[in-house]
Amino acid sequence: MTGKSEGLERAVEAISVADLIVVATGAGMSKESGIPTFRDAQEGLWAKYDPQQLATRQGFREDPARVWGWYNYRRGLIARTEPHAGHGSVARLETLVRELVVVTQNIDGFHQQAGSTDVLELHGNINRFKCLDHDHPIELDVPIADCDGPLSPPGCPFCGSPVRPDVVWYGEMLPPGVLERAERLARSCDVMLVVGTSGMVQPAAGLPLVARSSGATVVEVNTDPSHLTTQVDVFLQGRAGIVLPQIVAGVERRKASA
Ligand code: BV8
């Protein structure tokens with residue numbers, strides 16, 4: 001690991017000459033938008049539940065109203081806030097380099113909202129829906145209910161089974177082709193910028209290691225050391241909303257002086 005300014009310079013240098021950059025983000029990327037991370041204690045009446053119990057098929061089958069109510073609550077949080085400067089910096093960086101793909105574990109859609117044009121959602125999207133039993137895509141508008149508690153999910157218009165969010169729950173496989181594309185990108189990128197992930201959830205947590213072993217420079221931005229930190233090239237300790245604009249400013253300075 002290196003000192004902060006030395007690390008920042010090294011990251012800017014690697015990014016400035018890269019052909020392909022992958023920006024791999026986790027829940028910490030949206031923390032400064034006011035969205036609690038998975039490791040944060042849950043708030044309010046959800047405090048007594050473990051997200052890893054709620055974000056499961058079994059949890060939904062056991063108590064559809066509890067899980068559907070939790071996703072409705074989270075949809076409300078996301079709808080009431082917006083992407084922050086860090087998301088905007090990732091979108092800006094895309095315009096400064098040859099090719100940049102965002103590979104996110106987040107389901108909030110903030111990268112797209114901030115202007116990133118190539119976003120691979122490993123774990124789906126909270127505002128997309130399907131039915132539990134047959135994955136029928138649910139095109140109808142699913143309004144955010146003004147309640148913070150349990151809520152019964154609507155029935156699928158095709159088969160009647162409960163509607164669920166189109167997200168990847170624990171114990172579920174990632175959508176076909178998504179992991180394959182993510183691994184292809186990890187193997188071929190020149191730089192992987194890993195932002196706001198504890199590196200605990202597989203298979204997402206394996207991607208930085210694939211990138212590094214394939215010769216990429218791996219740069220991590222996190223407020224705290226993560227499960228990945230000992231295996232990255234550069235660790236920039238700090239908030240995404242502060243460090244990412246610093247990286248982009250450095251890349252812009254290099255481009256201006258080139
Ligand atoms: C799979 C969508 C094959 C839903 C999510 C036993 C049985 C079954 C499975 C497993 C098992 N053991 C292991 C597994 C595999 C399991 C897994 O990895 N479990 C872990 C917990 C041990 N994985 C799976 O099940 C995956 N599927 O493997 O299929 C399979 C199938 C069956 C059996 C075996 C294998 C599917 C995983 C997907 C789960 N769905 N999300 C929803 O969101 O509701 S994951 C969920 O956690 C979110 O997507 C979140 O993004 C993600 C990961 O967490 P992080 O993003 O890293 O967030 P976290 O809170 O952990 O950390 C935040 C970080 O940000 C911290 O480091 C913090 O310091 C930092 N930070 C905070 N603020 C800031 C910041 N950084 C920068 N700036 C800041 N301001």
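Atoms within each ligand, like the ligands themselves, are counted from 1 in listed order.
Taking only nitrogen or oxygen atoms, main chain and side chain alike, Val221 does not reach within less than 3.5 Å of ligand 1. The shortest N/O to N/O separation between Arg239 and ligand 1 does not fall below 3.5 Å. Remark: ligand 1 and Val201 share no N or O pair separated by less than 3.5 Å (distance only, no angle test). Considering backbone and side-chain atoms alike, Ser226 places every N or O at 3.5 Å or more from each N or O of ligand 1. For ligand 1, the polar-atom distance check against Trp70 finds no nitrogen or oxygen pair separated by under 3.5 Å. On a distance-only criterion, Trp169 and ligand 1 share no N/O pair closer than 3.5 Å. Taking any N or O of Val195, backbone or side chain, none lies under 3.5 Å from an N or O belonging to ligand 1.
Within a 4.0 Å radius of atom 13 (C) of ligand 1, the protein contributes no non-hydrogen atoms. Distance check for atom 46 (C) of ligand 1: a protein heavy atom is found below 4.0 Å. For atom 4 (C) of ligand 1, a protein heavy-atom neighbour is present inside the 4.0 Å cut-off. For atom 7 (C) of ligand 1, no protein heavy-atom neighbour is present inside the 4.0 Å cut-off. Within the 4.0 Å cut-off (strictly below), no protein heavy atom is located near atom 34 (C) of ligand 1. Within the 4.0 Å cut-off (strictly below), a protein heavy atom is located near atom 67 (O) of ligand 1.
Although no hydrogens or angles enter the test, the distance criterion places no donor-acceptor pair under 3.5 Å between the side chain of Asp133 and the main chain of Ser161. No side-chain donor-acceptor contact under 3.5 Å links Arg239 to the backbone of Thr223. Not one N or O on the side chain of Arg74 forms a donor-acceptor pair closer than 3.5 Å with the backbone of Gly69.
Regarding atom 80 (N) of ligand 1, its nearest protein heavy-atom neighbour is Glu32 OE1, 2.8 Å. With hydrogens left out, the protein atom closest to atom 16 (C) of ligand 1 is Gln202 O, 4.0 Å, a heavy atom. Closest to atom 22 (C) of ligand 1, if we only count protein heavy atoms, is Met200 O, 3.9 Å. In terms of protein heavy-atom proximity, atom 56 (O) of ligand 1 is closest to Ala27 N, 2.8 Å. Among protein heavy atoms, atom 30 (C) of ligand 1 sits closest to Met173 SD, 4.2 Å. Among protein heavy atoms, the minimum distance from atom 76 (N) of ligand 1 is reached at Gly196 CA, 3.4 Å. Residue, atom and distance of the protein heavy atom nearest to atom 77 (C) of ligand 1 are Ala240 N, 3.6 Å. Among all non-hydrogen protein atoms, the one lying nearest atom 79 (C) of ligand 1 is Gly28 O, 3.4 Å.
Residue Thr37 touches ligand 1 through backbone and side chain together, judged by heavy-atom distances below 4.0 Å. Residue-level proximity to ligand 1 for Gln52 is carried by the side chain, the only part with a heavy atom below 4.0 angstrom. At a heavy-atom cutoff of 4.0 Å, ligand 1 is contacted by the backbone of Glu172 but not by its side chain.
In this pair, Trp68 and Phe129 present their aromatic rings tilted. The plane angle is within the 30 to 60° band. Taking the six-membered ring where tryptophan is involved, the planes of Phe60 and Trp169 are tilted, since the angle between them lies from 30° to 60°.
One option in His84, Gln105, His227 has a heavy atom closer to atom 51 (O) of ligand 1 than any other, and that option is Gln105. Residue Thr197 holds the heavy atom nearest to atom 55 (P) of ligand 1 of all those in Leu236, Thr197, Asn222. Distances from atom 43 (O) of ligand 1 to the heavy atoms of Lys31, Gln237, His123, Arg74 put Arg74 nearest. Taking only non-hydrogen atoms, the option from Ile242, Val168, Asp224 nearest to atom 2 (C) of ligand 1 is Val168. Taking all heavy atoms of Ala204, Pro203, Gly171 into account, the minimum distance to atom 9 (C) of ligand 1 is reached by Gly171.
Classification of Glu172 and Arg164 as a salt-bridged pair holds, one side-chain N sitting under 4.0 Å from a carboxylate O. In this structure, Arg181 pairs ionically with Asp118, as a charged nitrogen and a carboxylate oxygen lie closer than 4.0 Å.
Taking every heavy atom of Asn106 and a limit of under 4.0 angstrom, the matching atoms of ligand 1 come to 51 (O).
The closest approach between Met29 and ligand 1 stays at or above 4.0 Å for every heavy atom of the residue.
Atom CD of Gln58 is surrounded by 12 or fewer heavy atoms from other residues, nucleotides or ligands within 6.0 Å.
In this structure, Ser214 OG and Met192 CE are separated by 9.0 Å, a value rounded to the nearest 0.5 Å.
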